[in-house]
*Asks:* 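Submitted below is the structure of interest, expressed as structure tokens.
Proteins come first, then strands; the chains are lettered A, B, ... in the order of their sequence lines, and each starts at number 1.
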Amino acid sequence: MPAIDKSQVAELLDEIAILLELKGENVFKSRAYRTAARAIESMPEDLARLVAEDRLDSIAGIGSALRQKITELVTTGRLPYHEELRASFPPGIFDLLQLPGLGPKKVKILHDQLQVSDIDALEAACQDHRVAALAGFGAKTEANLLLGIDQRRHYRGQHRYGDVYALAESLVDDLRQHPDVIRASVAGSLRRGKEVLKDLDLLASSANPAAVMDAFVALPGIERVTNHGETKSSVLFGNGLQCDLRVVSDTEFPYALHHFTGSKEHNVALRQRAIGQGKRLSEWGLFLEPERAKKIEGAELPSGEPTLIVCRTEEEIFADLGLQYVPPELRENLGEIEAAEAGTIPRLVEWTDLKGTFHCHTVASDGRHTLQEMADAAAELGLAYLGIADHSKSSFQANGLSEERLLAQHREIAALNASRDDIRLFTGVECDILKDGVLDFPDEILAACDYVVASVHAGFTAPEEEMTRRVIRAMENPYVTMLGHATGRLLLRREPYAINLEKIIDCAAETGTWIELNANPYRLDMDWRWWRKARDRGVRCVINPDAHGIDDYGYLRVGTQIARKGWLRREDVANTRTLAEITALLQEKRNRR
DNA sequence: GCCGTTTTCGGCCCGACTGTTTTCAGTCG
């Protein structure tokens, strides 16, 4: 039996918490399970050892009942208590909880009174107006639920970049290990760094495609093979992600890679350019077409059959077309071809350019790791500085810090800084922007921080004008260094709140406030479509992981690709600066008042 | 279900917002 790990235990405890809520149990009981889940997840010790030595209840939040259950789970791999709880509800009930406006209480009512056990049943009940007739529900709730169901359908079949790229990399690695594979790469929208994808496209070159295909469809983790051909196969993973692999000859590889990377709009524009030069570009090659060439004024008149213009790489394809190389992230036909022609494609920021980062949480608010652990992991990653930013007091749900706790954390940080020289910690706070744009802490507290992230965490439904005014007012506070997750969106889960980004960018330019590129894969906020404009207005970007644990530093890579997609260069991103430079930059921002 | 105790019970995290209600429950952050 494989050992069950901490995160699996935590996940199971969280599920028990949900089931208890659905049962209508004491809310503090379910909260106790959640607390225990967080405690297990974030404790440094080895779980199996703690169980073996019967020291579980030395952990705060774990008493005798949870000690017994966790011990049973870890030693036997099973927990009948959980299995019985789960068996008392239909599996579709968890989907219902995902709908906005539905919590455990209402789901319980729907389940008990209308026998609604999944999304489809809920939709039918709403359409029959059986839901509105229930006590505590009404016409508006019914309409909102239908809207939520609709939105969910719209999201179905789409995947977040952050949920896909690790799988994609391991698949490409697997392909490269195969003796018959010459070259392999991710293609499609993932390679372009799109924040949301419909499927995953892979490409390989080989002289023996059938062998590569056979190996591909047999890779672990594949749930179903939907297509298994000589040059193209499609498989389905457990999370519903479809993955296509195409295999071509190595000669065709660069053309195919360019073609399957897209975007369609970019490809169309590039093909038109080829035509203008008497050439033809497709997934199979770049050809010189004598018939086309003849029509071009002043062109030499070659004769005979179309001939392949041999390109070993994508770079050579662009070069033959008289263009600078266009990185995949820019291939959206949003001006990249014109820029490549003019030679003005910038050197885009790379994730190895990042020297440090900001906006990281600790156990002081809702993070999973201590200050020390967060610092150690960041140092190990090679970061020279780390900005801490736990929640401010209004974020009760996230255990936001009071003034006193914040200042205590500052002392802790000062002590850590004094004791080590491998990394420098900056004191900071993720300060809530309250209803009218007032910040959650007075200026003297903000002034005591090395930097401040200002974020909206409540009142999402305000009209655009009000929200914009609110955020602008916060940004006008000279102690605010950067704006956190500018639109509050959660990809494939929650739409952004209404806000006028044009005005926010203008305000950032005027006040020198940085705008965060929140690299959390659910957020990737501000959206890449706005960054080029922001950059041109002189607005500084800062790529932050919004880390709630040491594993979240990996988001920085995702965030950097989104920054690239927004045409950002190293100099546009504040945290590419060295420690000395960033220290000066923070000071410079403060001095603007 | 945990915790702490002036210890074996009683408190446990707060407040805005929404939609349902005429005073509040549920959801969300």
*Asks:* Sequence neighbours excluded, which residues qualify as ring-ring contact (aromatic ring centres under 6.0 Å, His included) partners of A/Y497?
*Replies:* A/F460
*Asks:* If the C1' atom of B/dC12 is compared with that of B/dT5, how far apart are they to the nearest Å?
*Replies:* 15 Å
*Asks:* Write down the distance between NZ (A/K69) and C1' (B/dG1), rounded to a whole number of angstrom.
*Replies:* 8 Å
*Asks:* Which residues in residues 102-115 of chain A have a heavy atom closer than 4.0 Å to any atom of DNA chain B?
*Replies:*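 Within residues 102-115 of chain A, the residues near DNA chain B are A/L102, A/G103, A/P104, A/K105, A/K106.
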*Asks:* Please determine which of A/I515, A/V542, A/V452 meets the side chain to side chain contact (heavy atoms under 4.5 Å, CB included) test together with A/M482.
*Replies:* A/V542
*Asks:* The criterion is side-chain contact (heavy atoms from CB on, under 4.5 Å); which residues satisfy it with A/D57, sequence neighbours excluded?
*Replies:* A/R67
*Asks:* Considering just the side-chain nitrogens and oxygens of A/R494, establish if one lies under 4.0 Å of OP1 or OP2 belonging to B/dG29.
*Replies:*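 Answer yes for this pair, as a side-chain N or O of A/R494 is under 4.0 Å from OP1 or OP2.
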*Asks:* Please report the C-alpha distance between A/I62 and A/I40 in whole Å, then the side-chain angles of each, then the deciding distance to 0.1 Å, and finally whether the side chain to side chain contact (heavy atoms under 4.5 Å, CB included) criterion is met.
*Replies:* CA-CA 9 Å; A/I62 297 180; A/I40 292 283; 3.8 Å; yes
*Asks:* I'd like to compare against my own output: the B/S/- annotation of nucleotides 11-16 of chain B with a strict under-4.0 Å heavy-atom distance to protein.
*Replies:* -BBBS-
*Asks:* Specify the separation, in whole Å, of atom CD of A/E466 and atom P of B/dC17.
*Replies:*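 About 9 Å, once rounded to whole Å.
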*Asks:* Looking only at atom C1', what distance separates B/dG1 and B/dT8, rounded to whole Å?
*Replies:*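 My reading of the C1' atoms in B/dG1 and B/dT8 gives 15 Å.
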*Asks:* Whole Å only: how far is the CG atom of A/D57 from the P atom of B/dC2?
*Replies:*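 Result: 9 Å.
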*Asks:* Using a 4.0 Å heavy-atom cut-off, does A/S64 contact any base of the nucleic acid, only the sugar-phosphate backbone, or nothing at all?
*Replies:* sugar-phosphate
*Asks:* Anything under 30° is parallel, anything over 60° is perpendicular, the rest tilted; go ahead and classify A/Y451 against A/F426.
*Replies:* perpendicular
*Asks:* Whole Å only: how far is the CD1 atom of A/I62 from the P atom of B/dC3?
*Replies:* 9 Å
*Asks:* Pairs in or reaching into residues 139-149 of chain A: which pass side-chain hydrogen bond (donor to acceptor under 3.5 Å, both in side chains), with residues at least two apart or in two chains?
*Replies:*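 Residue pairs with at least one partner in residues 139-149 of chain A: A/H129-A/E142.
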*Asks:* Need to verify one output field. Residue with the more 5' nearest nucleotide on DNA chain B, A/V456 or A/I59?
*Replies:*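 Closest to the 5' end, via its nearest nucleotide, is A/I59.
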*Asks:* If you take the centroid of each ring, where Trp contributes its six-membered ring, are A/H457 and A/H485 closer together than 6.0 Å?
*Replies:*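 Between A/H485 and A/H457, the centre distance is under 6.0 Å.
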*Asks:* Strictly by Watson-Crick or wobble contacts shorter than 3.5 Å, is anything paired with B/dG1, and which nucleotide is it?
*Replies:* B/dC12
*Asks:* What residues form a salt bridge (charged side-chain N to carboxylate O under 4.0 Å, His left out) with A/E380, not counting sequence neighbours?
*Replies:*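 For A/E380 there are no salt bridge (charged side-chain N to carboxylate O under 4.0 Å, His left out) partners, ignoring immediate neighbours.
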*Asks:* How would you label the contact of A/Y497 with the nucleic acid (heavy atoms, under 4.0 Å): base, sugar-phosphate, or nothing?
*Replies:*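 Counting heavy atoms under 4.0 Å across all strands, no contact is made by A/Y497.
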*Asks:* Would A/D390 and A/S365 count as having a side-chain donor-acceptor pair, cut-off 3.5 Å?
*Replies:* yes
*Asks:* Show the numbers, then the answer: is there a side chain to side chain contact (heavy atoms under 4.5 Å, CB included) between A/L85 and A/I16?
*Replies:* CA-CA 7 Å; A/L85 259 179; A/I16 291 176; 3.9 Å; yes
*Asks:* All N/O contacts under 3.5 Å from nucleotides 20-22 of chain B to the protein, with atom names and distances to one decimal?
*Replies:*
residue : atom : partner : partner atom : Å
B/dT20  : OP1  : A/G138  : N            : 2.7
B/dT20  : OP1  : A/G138  : O            : 3.1
B/dT20  : OP1  : A/A139  : N            : 3.4
B/dT20  : OP1  : A/K140  : N            : 3.4
B/dT20  : OP1  : A/T141  : N            : 3.1
B/dT20  : OP1  : A/T141  : OG1          : 2.8
B/dT20  : O3'  : A/F137  : O            : 3.4

*Asks:* Among residues 116-124 of chain A, which contact DNA chain B at a heavy-atom distance under 4.0 Å?
*Replies:*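 Going residue by residue through residues 116-124 of chain A, none turns out to have a heavy atom under 4.0 Å of DNA chain B.
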*Asks:* Counting any heavy atom closer than 4.0 Å, what does A/R67 reach on the DNA or RNA strands: base, sugar-phosphate only, or nothing?
*Replies:* nothing
*Asks:* When the P atoms of B/dG26 and B/dT20 are considered, how many whole Å apart are they?
*Replies:* 14 Å
*Asks:* Heavy atoms only, 4.0 Å cut-off, all strands: where does A/L97 land among base, sugar-phosphate and nothing?
*Replies:*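 No contact at all - A/L97 keeps every heavy atom at 4.0 Å or more from the nucleic acid.
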*Asks:* Can you list the residues that meet the ring-ring contact (aromatic ring centres under 6.0 Å, His included) rule with A/H369, with sequence neighbours excluded?
*Replies:*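 A/H369 satisfies ring-ring contact (aromatic ring centres under 6.0 Å, His included) with no other residue.
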*Asks:* Of all residues at least two apart in sequence or in a different chain, which pass the salt bridge (charged side-chain N to carboxylate O under 4.0 Å, His left out) check with A/D572?
*Replies:* A/R569
*Asks:* B/dT7 and B/dC2: how far apart are their C1' atoms, nearest whole angstrom?
*Replies:*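 It works out to 14 Å between them.
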*Asks:* How many whole angstroms separate atom CD1 of A/I16 from atom P of B/dC2?
*Replies:* 12 Å
*Asks:* Please state the P separation for the pair B/dT27 and B/dT21 - nearest whole angstrom.
*Replies:*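 The answer is 15 Å between these two P atoms.
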*Asks:* Please check if the side chain of A/S394 supplies one atom and the backbone of A/D440 the other of a donor-acceptor pair under 3.5 Å.
*Replies:* no
*Asks:* For A/D366 and B/dC28, give me the distance from atom CG to atom P, rounded to whole Å.
*Replies:*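 Nearest whole value for this atom pair: 18 Å.
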*Asks:* Atom CG of A/L147 and atom C1' of B/dG19: how far apart are they, to the nearest Å?
*Replies:* 15 Å
*Asks:* I'd like the C1' distance from B/dG11 over to B/dC17, given in whole Å.
*Replies:* 27 Å
*Asks:* List for me each residue that meets salt bridge (charged side-chain N to carboxylate O under 4.0 Å, His left out) alongside A/K23, sequence neighbours excluded, and say none if there are none.
*Replies:* none
*Asks:* Please report the distance, rounded to the nearest Å, between CZ in A/R34 and C1' in B/dC2.
*Replies:* 16 Å
*Asks:* Can you sort out the partners of A/E41 under salt bridge (charged side-chain N to carboxylate O under 4.0 Å, His left out), two or more places apart, ordered by chain and number?
*Replies:* A/R38
*Asks:* Mind checking the C1' distance from B/dC13 to B/dC3? Whole angstroms is fine.
*Replies:* 15 Å
*Asks:* Given A/S455, which of A/E430, A/E516, A/H391 fulfils the side-chain hydrogen bond (donor to acceptor under 3.5 Å, both in side chains) condition?
*Replies:* A/E430
